[in-house]
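Heads up, the thing below is written out as structure tokens.
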Amino acid sequence: MAQSVDSRGPQTREEDARFPSVDPRTGEVIDYHPMDDEAAVRSAVAAAREAAAWWGGLGFAQRRRRLLSWCSALTQRIDELAGLITMETGKPRDDARLECVLVVAHLDWAARNAERVLRRRRVRSGLLMLQEASTVEYQPYGVIGVIGPWNYPAHTPMGSISYALAAGNAVVFKPSELTPGVGRALAESLAAVVPEYPLLHVVTGFAETGAALCRAGVDKLAFTGSAGTAKKVMAACAQTLTPVVLECGGTDAMLVDSDANLAAAADAAVWGAMANAGQTCVGVERVYVVDEVAQEFTERVVAQTRRLRAGGEPSADLGPITRPSQVEVIRDHLADALARGGTALLGGVESVRPPYVEPVVLADVPETSRAVIEETFGPTLTVHRVANLDDAVARVNAGRYGLGAAVFSAHRGAEIARKLRCGMVAINSVISYAAVPSLPFGGVGDSGFGRVHGAEGLREFARAKAVTRRRFPPAVRVLTFARPAWAMRLLLRIVRVRYGR
Ligand code: NAD
């Protein structure tokens, strides 16, 4: 029977160190989860290490077969997983289904492409080392720690988990305290199709559990969450020189040129900003639109946004703000933007009705306001007029974050994409790169570093191993104390001819 709780804070039941997961739409408890401490995390890492030895030794073909079975099982249970995502995040059912579609598309790609990307391959040895046969291969690290957020509780961690497993690692996953059930469901579904060893361990809890995972001796840690937490994770991992990949937030922009298809641009801006109630790391938070078309573009955006409704019912366009404390951040950003001279074109501070926020569109918001420079993570959009796209690029590149961006332009899309300081750009669409498994995903600056997805994402979870094998004795022996004096003279002569011209 569901119980009500007041907020989504760390309400542990002291007697059994468990915490509830809660439906943000109703405040009802969905389930209780263990508050895993240091010892529990260390024991999960130890068990994962045994699984990693078995899994790493299986080879690409065997791993591919098993991961594709998992992919098929997840695909058959999309509605079940989506239902759980909806319960824990409040997002509309179809948004949750869309998330699951991304999960299986990436898992399938990682499973099918791991061998091609990571297997041993010959590389040229070069003139000076002609006698050597050189190869590079990518070997698994062993155990990867994954710490995830709540906004895409399946897709986001699976962007690391799928690729880490395909590269031959085992994983210990710490889901967000708001979505532990989704994390457990993912692990249970893998265990059902790969019963031999528990490849994916889930540890649940709050910040302390995540911090314990950073200290637990994993071979690499993949973190997705806010830039503030990323700094703590990196500092903790620095103590043991544990490598990290950090996927953090953003204040992503859309740029709209005078020759853009305005209907398509407005549609993309509204969806990019408002889908998942704006709780998307690569969601559109601001639009820079060229003066000549700004009025028409803005009118279209406002007209489309006006039709959207926030609520907990299946027909709602937007769900609740999943993390209660984020509601205050959204309210502050709106109040700050309006106090600094911003104009509300739709909604305003009154749109904040916890746990929901109705969509808000603002104009004339100064570049120094919090809504522009910080991540709002709500269904809000600021629209800025610019003289031209170069002005827009300068403003976008001035920010601390650099995750994704979108450009709508008939002629300058590729040129502008190249100039933007960020990890991904969609030209004449929005967020589409996240659904292309062969593309790397990640940011620059406060948006983090390292890449998940694609070949780069597979290599992120593997160590490059370089090997040389002597094929025949060298004509000029220089790597020895028995080197004759003429050998160095000859070597330098060759080098001067080869490199000194
Ligand atoms: P968060 O930083 O609050 O928490 C992320 C995870 O870190 C949670 O599991 C949390 O329990 C854990 N954690 C907290 N303190 C910790 C510590 N000291 N040591 C170790 N782990 C700790 O972020 P959130 O609110 O869960 O997620 C929202 C953020 O994630 C937004 O900034 C969003 O943009 C970002 N995000 C980024 C991507 C991406 O791919 N770049 C994807 C989704 C979300």
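Both backbone and side-chain heavy atoms feed into the values below; hydrogens, waters and symmetry mates do not.
Screening residues 154-169 for side-chain hydrogen bond (donor to acceptor under 3.5 Å, both in side chains), with sequence neighbours left out, gives His106-Tyr163. Residue pairs satisfying the side-chain hydrogen bond (donor to acceptor under 3.5 Å, both in side chains) criterion with at least one member in residues 440-459, sequence neighbours excluded, are listed as follows: Arg400-Asp446. Identified under the salt bridge (charged side-chain N to carboxylate O under 4.0 Å, His left out) test for residues 209-230, with sequence neighbours left out: Glu38-Arg215, Arg49-Asp219, Glu208-Arg215, Lys220-Glu460.
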Open item on the list: Evaluate Trp150 against Thr89 for side chain to side chain donor-acceptor pair (under 3.5 Å), listing each step before the verdict.
Closed with: CA-CA 7 Å; Trp150 47 266; Thr89 63; over 6 Å; no
Task: Worked check of side-chain contact (heavy atoms from CB on, under 4.5 Å) between Tyr152 and Thr280 - done: CA-CA 8 Å; Tyr152 289 88; Thr280 302; 2.6 Å; yes
TODO: For side-chain contact (heavy atoms from CB on, under 4.5 Å), just list the numbers for Cys281 and Phe441, CA-CA rounded to whole Å, side-chain angles, deciding distance to a tenth of an Å, and then say yes or no.
DONE: CA-CA 11 Å; Cys281 54; Phe441 185 102; 4.3 Å; yes
- [ ] Go through Val407 and Asp257 one step at a time and tell me if the side-chain contact (heavy atoms from CB on, under 4.5 Å) criterion holds.
- [x] CA-CA 8 Å; Val407 187; Asp257 205 354; over 6 Å; no
- [ ] In sequence, state the C-alpha distance, the side-chain angles, and the governing distance for Leu186 and Leu81, and then conclude on side-chain contact (heavy atoms from CB on, under 4.5 Å).
- [x] CA-CA 8 Å; Leu186 289 171; Leu81 184 61; 4.1 Å; yes
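A donor-acceptor contact shorter than 3.5 Å is absent between the side chain of Gln139 and the backbone of Lys465. With hydrogens and angles disregarded, no donor-acceptor distance shorter than 3.5 Å links the side chain of Arg63 to the backbone of Gly57. Without hydrogens or angle criteria, Asn428 side chain to Ser409 main chain gives a donor-acceptor distance under 3.5 Å. Looking at Gln279, its side chain does come within 3.5 Å of a backbone N or O of Asn276 through a donor-acceptor pair. Judged by distance alone, with hydrogens and angles left aside, the side-chain atoms of Gln304 form no donor-acceptor pair with the main-chain N or O of Val270 at under 3.5 Å. A donor-acceptor contact shorter than 3.5 Å is absent between the side chain of Trp70 and the backbone of Val194.
The closest side-chain donor-acceptor pair between Trp109 and Ser438, if any, does not fall under 3.5 angstrom.
With sequence neighbours excluded, no residue satisfies salt bridge (Lys or Arg N to Asp or Glu O under 4.0 Å) with Arg120. In this structure, the salt bridge (Lys or Arg N to Asp or Glu O under 4.0 Å) partners of Arg77, at least two apart in sequence or on a different chain, are Glu80. In this structure Glu285 satisfies the side chain to side chain contact (heavy atoms under 4.5 Å, CB included) test together with Thr251, Glu375, Thr376, sequence neighbours excluded.
Geometric assessment of Lys174 against the ring of Phe223 yields a negative cation-pi assignment under the 6.0 Å and 45° thresholds. A cation-pi geometry, defined here as NZ or CZ lying under 6.0 Å from the six-membered ring centre and within 45° of its normal, does not hold between Arg300 and Phe297.
With values rounded to the nearest 0.5 angstrom, Asp79 atom CG is found 12.5 Å from Leu84 atom CG. Atom-to-atom distance recorded for Arg286:CZ and Thr382:OG1 is 7.5 Å, nearest 0.5 angstrom. Atoms CD and CD1, from Glu328 and Ile321 in turn, are 11.5 Å apart once rounded to the nearest 0.5 Å. Atom CG of residue Leu246 and atom NZ of residue Lys231 lie 11.0 Å apart, to the nearest 0.5 angstrom. The distance from atom CZ of Arg463 to atom CG of Leu118, rounded to the nearest 0.5 Å, is 13.5 Å. The CZ atom of Arg421 sits 11.5 Å away from the CG atom of Leu403 when rounded to the nearest 0.5 Å.
The side-chain heavy atoms of Tyr138 and Leu458, taken from C-beta on, include no pair separated by under 4.5 Å. Counting only heavy atoms from C-beta outward, the side chains of Met424 and Val282 approach each other to under 4.5 Å. Taking the side chain as every heavy atom from C-beta outward, Glu247 and Val452 approach each other to under 4.5 Å. Using a 4.5 Å heavy-atom cutoff, the side chains of Thr86 and Arg25 are in contact. Side-chain contact check for His33 versus Arg184: some heavy-atom pair is nearer than 4.5 Å. In this structure the side chain of Arg323 never reaches within 4.5 angstrom of the side chain of Phe377, judged on heavy atoms. Using a 4.5 Å heavy-atom threshold, the side chains of Asp108 and Leu68 count as touching. The closest side-chain heavy-atom distance from Thr204 to Thr209 is not below 4.5 Å.
In terms of heavy-atom proximity, Ala111 sits nearest to Ala166 at N-CB, 4.2 Å. Closest approach of Ala40 and Val203 over heavy atoms only: O-CG1, 4.5 Å. Taking every heavy atom of both residues into account, Val193 and Ser69 meet most closely at CG1-O, 4.1 Å. Minimum interatomic distance between Gly148 and Phe173 (heavy atoms only, all atoms of both residues): N-CE1, 3.9 Å. Summarising the geometry of Asn151 relative to Glu99, their closest heavy-atom pair is O-OE1, 4.4 Å, with the distance given to 0.1 Å. Closest of all the heavy-atom pairs between Val104 and Cys71 is O-SG, 3.5 Å.
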